There are 2 protein chains.
Amino acid sequence: MFSKACKYAINSMIFLATLPEGEERIGLKDIATAINSPEAFTAKILQALVRENLLESIKGPNGGFQISEVGKKVTLHRVVQVIDGDSVFTGCALGLQECTEKRPCAAHHKFKAIRDHLTGMMMTTTLEDMANGIRQGVSYLKY
Amino acid sequence: MFSKACKYAINSMIFLATLPEGEERIGLKDIATAINSPEAFTAKILQALVRENLLESIKGPNGGFQISEVGKKVTLHRVVQVIDGDSVFTGCALGLQECTEKRPCAAHHKFKAIRDHLTGMMMTTTLEDMANGIRQGVSYLKY
DNA sequence: ATATAAAAGGATATTTTTGTCTTTTATTAT
DNA sequence: ATAATAAAAGACAAAAATATCCTTTTATAT
Ligand code: FES
Ligand code: FES
């Protein structure tokens with residue numbers, strides 16, 4: 001469904017969104033530990049999120065990453081889009097070059113309903129929603 | 001969503017399901033042409049489908065592949081399962097080792113609805129359904 | 001100023017997925 | 001029997017995704 005890179009991105013963003021006001025900044029190592037991801041690879045992904053302004057990064061001692069104002073309001077859809085593009089939201093399930101009503105694949109009608117369901121959910125689910133579940137201990141970032 | 005191998009598998013199965021009674025057998029080359037897939041790679045996938053009895057293969061002159069009795073009745077779910085396994089139907093969206101109610105990821109509840117929607121659709125959609133659309137010219141195997 | 005800390009950037013490595021090529025085996029037709 | 005055809009099997013290759021390592025840049029604290 002989503003690439004590993006994308007899962008690491010989502011989990012990182014959720015984790016950063018759980019951090020309390022005033023203690024929002026945290027280092028790469030702690031992020032990677034919190035979400036159980038490979039550190040250096042996670043760094044690359046965080047860089048991409050910084051480039052897209054979902055995160056801010058600060059170098060040097062006491063540096064680290066923190067969620068940006070933009071990032072705080074963002075949906076899962078946006079995070080996926082930044083890392084995986086939106087092929088999962090618009091691409092053909094059976095591999096046709098484009099998914100259109102004009103020239104649909106065999107599964108188009110049935111599949112479109114699911115894709116739209118997914119897209120709708122992702123566009124209406126915010127990091128805050130996800131972070132709340134983690135904070136309240138009803139959901140988890142790692143096993 | 002699905003691997004390329006899986007898409008080739010589905011499209012191959014659909015194509016074979018469109019062939020009329022008595023002219024069911026067809027060679028690899030024609031299959032690869034019909035679905036616009038790389039021939040040798042497609043061969044590997046068809047072999048897997050033969051091993052799982054969704055297809056039958058006949059060597060030698062006038063040989064080729066044809067859909068089996070089992071294959072005729074099979075759903076999309078089964079084809080995906082044979083090639084990609086069922087991680088797409090049961091795996092955690094955010095990469096947790098297992099998807100359970102006991103220890104759900106942040107997206108579990110919302111994601112489970114979509115996954116169940118997908119699974120339901122795939123378990124109730126048969127190759128015959130897909131093949132009918134192709135036969136009637138309302139859907140297509142390639143661009 | 002200097003040493004230290006931490007992210008950025010870039011090169012490299014590994015693994016997985018996708019794809020090709022060659023040889024072998026089975027079947028058919030002559 | 002022999003030649004031709006087509007899939008099976010296995011080795012190999014290329015591309016993409018994942019992951020690591022090393023150097024550079026920027027900021028902080030002493
Ligand atoms: S054309 Fe295949 S999903 Fe729309
Ligand atoms: S635990 Fe992540 S989807 Fe169920």
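Below, all heavy atoms of this structure are taken into account, side chains as well, without hydrogens, waters or symmetry copies. In this text, all values refer to a predicted model and were calculated from it rather than measured experimentally. Proteins get letters first, then strands, A, B, ... in listed order; numbering begins at 1 in each.
Across C:dC21, C:dG19, C:dA8, the shortest atom-to-atom separation from the side chain of B:Ala40 is found for C:dC21. For B:Val50, the side-chain atoms get nearest to D:dA8 when compared with the rest of C:dG9, C:dA7, D:dA8. If you check D:dT20, D:dT18, D:dA7 against the side chain of B:Leu28, the one that comes closest is D:dA7. Of the candidates D:dA9, C:dT25, C:dT18, the closest approach to any side-chain atom of B:Lys59 belongs to C:dT25.
A salt bridge does not link A:Arg25 to A:Glu56: none of the charged side-chain nitrogens sits closer than 4.0 Å to a carboxylate oxygen.
B:Gln47 has its CD atom 16 Å from the P atom of C:dT18, to the nearest Å. The nearest whole Å value for the distance from the NZ atom in B:Lys7 to the C1' atom in C:dG19 is 16 Å. Taking atom CG on A:Asn36 and atom C1' on D:dT18, their separation rounds to 15 Å, with Å as the unit. When the P atom of D:dA7 is taken as reference, atom CD1 of B:Ile45 falls 15 Å away, rounded to whole Å. A:Arg25 has its CZ atom 10 Å from the P atom of C:dA7, to the nearest Å. Between B:Glu56 atom CD and C:dT27 atom C1' the separation is 16 Å, expressed in whole Å. Atom CZ of A:Phe65 and atom C1' of D:dA27 are 14 Å apart (whole Å). In this structure, the CZ atom of A:Phe41 is 11 Å from the C1' atom of D:dA16, given to the nearest Å.
Ring geometry for A:His117 versus B:His117: interplanar angle of 30 to 60°, hence tilted. Between B:Tyr8 and B:Phe41, the angle of the ring planes goes over 60°, which puts this pair in the perpendicular group of the 30/60° scheme.
In summary, the side chains of A:Ser68 and A:Asn53 do not present any donor paired with an acceptor at a separation below 3.5 Å, with no hydrogens or angles considered.
When the side-chain nitrogen and oxygen atoms of A:Lys29 are compared with OP1 and OP2 of C:dA5, none of them lie within a distance under 4.0 Å. Contact between the side-chain N/O atoms of A:Asn62 and the OP1/OP2 oxygens of D:dA27 is not found at any separation under 4.0 Å. For A:Tyr8 and D:dT18, the shortest distance from a side-chain N or O to OP1 or OP2 is not below 4.0 Å.
The only member of B:Lys110, B:Arg115, B:His109 that meets side chain to side chain contact (heavy atoms under 4.5 Å, CB included) when paired with B:Lys112 is B:Arg115.
Across all strands, A:Lys44 comes closer than 4.0 Å to base atoms (heavy-atom distances). Using a 4.0 Å heavy-atom cutoff across all strands shown, B:Leu46 reaches no nucleic acid atom at all.
Residue order along DNA chain C, read from the 5' end via each residue's closest nucleotide, puts A:Ile26 first among A:Ile26 and B:Phe2. Each of A:Pro61 and A:Ser57 was assigned the nucleotide of DNA chain C with the nearest heavy atom; the assignment lying further toward the 5' end belongs to A:Pro61.
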